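This report concerns only the one structure given below.
Lettering follows sequence order; numbering is per chain, from 1. Model, not experiment: these values are computed from the prediction. Values reported hereafter were calculated over all heavy atoms of this structure, with side chains retained and with hydrogens, waters and symmetry mates removed.
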Number of protein chains: 2
Amino acid sequence: MRADARRNRDRILEAARDAVAERGADAPMELIARRAGVGVGTLYRRFPDRDTLLAALAEQYVHELMDALDHAVAAEPDAWSAIRAFVVYSVDKGRGAIAAALAGTSAPQARQALVRRLDELVRLAQADGAMRPDVGTDDLMELLNVFACHPDVIPKRFLPLMLDGLDRR
Amino acid sequence: MRADARRNRDRILEAARDAVAERGADAPMELIARRAGVGVGTLYRRFPDRDTLLAALAEQYVHELMDALDHAVAAEPDAWSAIRAFVVYSVDKGRGAIAAALAGTSAPQARQALVRRLDELVRLAQADGAMRPDVGTDDLMELLNVFACHPDVIPKRFLPLMLDGLDRR
DNA sequence: TATAACCGGAAGCCGACATTCCGCTTAGGA
DNA sequence: TCCTAAGCGGAATGTCGGCTTCCGGTTATA
C-alpha cells in the first residue's frame, strides 16, 4: 500500500467519523470525500460501499471507547467516578450516531470485550453503594447508543431519572 | 364546507401529527395522505403546501399542551407535581417532533400564553423549594422541544442532571 | 526514468418526493 | 328523486440529491 493511499485512508475515516456523528449513518458519501479532501473515486476505491466504511468506523470506535474506559479507570478514584467520566467522555465526543451505526454493523468481539469491562465496573460501583442498583450495564450501553440518535426511546426509560435529577436534593 | 371535506381535514391533521412525530417535519406528504386514508390530491387541496399543514399542526399542538397543563394543575396537589405531570404527558405523547416543527413555523400568540402559564408554575414550585432554582421555564420548553428530536443539544445541558438522577440517593 | 498504483471529479443513473391535473363520485338542497 | 357544485383519488410529470462508475492525468517508488 502506497504511503499516500494509507494517508488518504486515514483521512477518510476521520472525515467519516465526523460526518456520521453530525448527520447520521447515511451522511452523503460525497460529503465525506470532500471533508477528507479527496475525490469520491478515492473513497470508493478504499471502501467499496457504505457498509464497509461503517464497519471500519465501528471497529475504530469501539477501540476508542475501550481506551477511554481504561483511561477513566486509571484516572478516577473509584468505579462509579470512572463510569461517569467514561459516559461523559463518550457522549461529549458526540459520537452517538457512530454508536448507532455500530449497532447495525457491529464489531461483535470488540464490543463484547467493552461490555464485559464495563460490567465489572458497574458491579463494583453498585457494591460500593455509589450507583443505583436498578440500572445495569445494558442501560449504560443503551444510553450511549441512543442518547444522541434514537430520541424516541429515551423518554420511556430515562425520563423518570431525568426528573429525579431536576428535583432539589 | 361539505361534511366529508371536514372529516377528511380532521383525518389529515391526525395522520400528519403521527407522521411528523415519527418521521420529523419532512415526513412525506404521500405518507400522510395514505395514513389519512385519502389521496394526495385531497391533502393538497386542503393544505396548499407543507408549511400550511405544519402551521395548522402547530396551532393544534399548542392548544393540546395548554389543555394538558390546565388539566395537570387541576389534578395535582402542587405546582411541582403539576409540572412533572405536564412534562411526562407531553413527552409521552411523543410529540417532540411536532414541537420542533412548531418551533420553525410558530404560532406565536398561543405559544406565549403557554409559556406564561408555565412560568407561573415554575416560580411557585421553586418558591415551594420543590424545584431546583437553577432550572427555568425556558429550560422546560427546550426540554419539550428537543427531547425527542434535536438530540445533539441534550447532552450539553441535561447530561449532568441525568447523571445526578442515576446517583443513589 | 519507467510504470504500476493512485487520484479527482465529471457523467450517467436511480429512486424518492412534491405537485399538478382531470375524469369520476357524492353530498345535500330543491 | 334529481341536479350540480364540491370533492375525491391517484396516475403522470418534474425535480433534486445522492450513488457509483470510469478514465485521462498524476505520482510514489524501485
Side-chain angles (χ1 to χ4, degrees), chain A residues 1-58 60 97-98 100-102 104-105 149-150 152, chain B residues 1-58 60 97-98 100-106 149-150 152:
Chain A
M1 193 161 176
R2 242 166 65 172
D4 53 347
R6 152 124 254 118
R7 196 166 47 241
N8 279 332
R9 195 196 129 92
D10 292 347
R11 280 186 190 159
I12 288 172
L13 235 31
E14 196 177 337
R17 201 182 47 193
D18 294 345
V20 168
E22 284 173 26
R23 317 233 330 207
D26 49 2
M29 296 298 250
E30 221 171 314
L31 173 68
I32 296 175
R34 197 164 352 112
R35 286 205 186 186
V38 139
V40 267
T42 302
L43 171 51
Y44 275 91
R45 198 168 322 104
R46 216 48 67 192
F47 304 95
D49 53 41
R50 160 174 259 108
D51 282 347
T52 309
L53 176 59
L54 290 181
L57 219 48
Q60 174 186 290
I98 296 183
L102 175 155
T105 333
C149 44
H150 225 318
D152 41 350
Chain B
M1 192 161 175
R2 241 165 67 172
D4 52 347
R6 152 124 253 118
R7 196 166 48 241
N8 280 332
R9 195 196 129 91
D10 292 347
R11 280 186 191 160
I12 289 171
L13 235 30
E14 196 177 337
R17 200 182 48 192
D18 294 345
V20 168
E22 282 173 29
R23 316 233 333 210
D26 47 3
M29 297 297 252
E30 219 171 313
L31 173 69
I32 295 174
R34 197 165 351 112
R35 287 205 184 185
V38 137
V40 267
T42 303
L43 171 51
Y44 275 91
R45 198 168 323 103
R46 217 47 69 194
F47 304 95
D49 53 40
R50 161 174 257 106
D51 283 347
T52 309
L53 177 59
L54 289 182
L57 219 48
Q60 174 186 288
I98 296 181
L102 174 156
T105 333
S106 286
C149 45
H150 229 318
D152 41 350

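- The shortest non-hydrogen separation linking A/Arg46 to A/Ala5 is NH2-CB, 3.5 Å.
- Using a 4.0 Å heavy-atom cutoff across all strands shown, A/Arg34 reaches no nucleic acid atom at all.
- The side chain to side chain donor-acceptor pair (under 3.5 Å) check on A/Arg45 picks up nothing, with sequence neighbours excluded.
- Heavy-atom minimum distance, A/Ala25 versus A/Leu54: O-CD1, 4.1 Å.
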Classify every nucleotide of nucleotides 10-20 of chain D by which part a protein heavy atom approaches to under 4.0 Å, writing B for the base, S for the sugar-phosphate alone and - for neither, in 5'-to-3' order. BB------SSB

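- Closest non-hydrogen pair, A/Ala15 versus A/Arg35, comes out as CB-CB, 3.8 Å.
- The structure places CD of A/Glu22 at 8.0 Å from CG of A/Leu31, a figure rounded to the nearest 0.5 Å.
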Criterion side chain to side chain contact (heavy atoms under 4.5 Å, CB included) on B/Leu53 and B/Val20, from CA distance to verdict: CA-CA 11 Å; B/Leu53 177 59; B/Val20 168; over 6 Å; no

CA sep, side-chain torsions, deciding dist, call: A/Tyr44, A/Met29, side chain to side chain contact (heavy atoms under 4.5 Å, CB included): CA-CA 9 Å; A/Tyr44 275 91; A/Met29 296 298 250; 3.4 Å; yes

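- Rounded to whole Å, the distance from CZ on A/Arg2 to C1' on D/dA28 is 4 Å.
- If you check residues 4-11 of chain A against DNA chain C, the residues with a heavy atom closer than 4.0 Å are A/Asp4, A/Ala5, A/Asn8, listed by number.
- Qualifying salt bridge (Lys or Arg N to Asp or Glu O under 4.0 Å) partners for B/Arg2, counting only residues two or more places apart in sequence or in other chains: B/Asp4.
- Interatomic distance, CD1 of A/Ile32 versus CG of A/Leu57, reported as 8.0 Å (0.5 Å rounding).
- Contact between A/Ala27 and A/Ala19 at its shortest, heavy atoms only, is CB-O, 3.9 Å.
- The nucleotide range of DNA chain C contacted by chain B, defined by atoms under 4.0 angstrom from heavy atoms of the protein and reported 5' to 3', is C/dC17 to C/dG28.
- DNA chain C is contacted by both B/Met1 and A/Leu43; A/Leu43 maps to the nucleotide lying nearer its 5′ end (nearest heavy atom per residue).
- Taking every heavy atom of both residues into account, A/Leu43 and A/Ile12 meet most closely at CD1-CG2, 3.5 Å.
- Here the closest non-hydrogen pair linking B/Ala56 and B/Leu13 is CB-CD1, 4.1 Å.
- For the helix from C/dT1-D/dA30 to C/dA30-D/dT1, the axis fitted to the five pairs at one end and the axis fitted to the five pairs at the other end meet at an angle of 20° (nearest 10 degrees).
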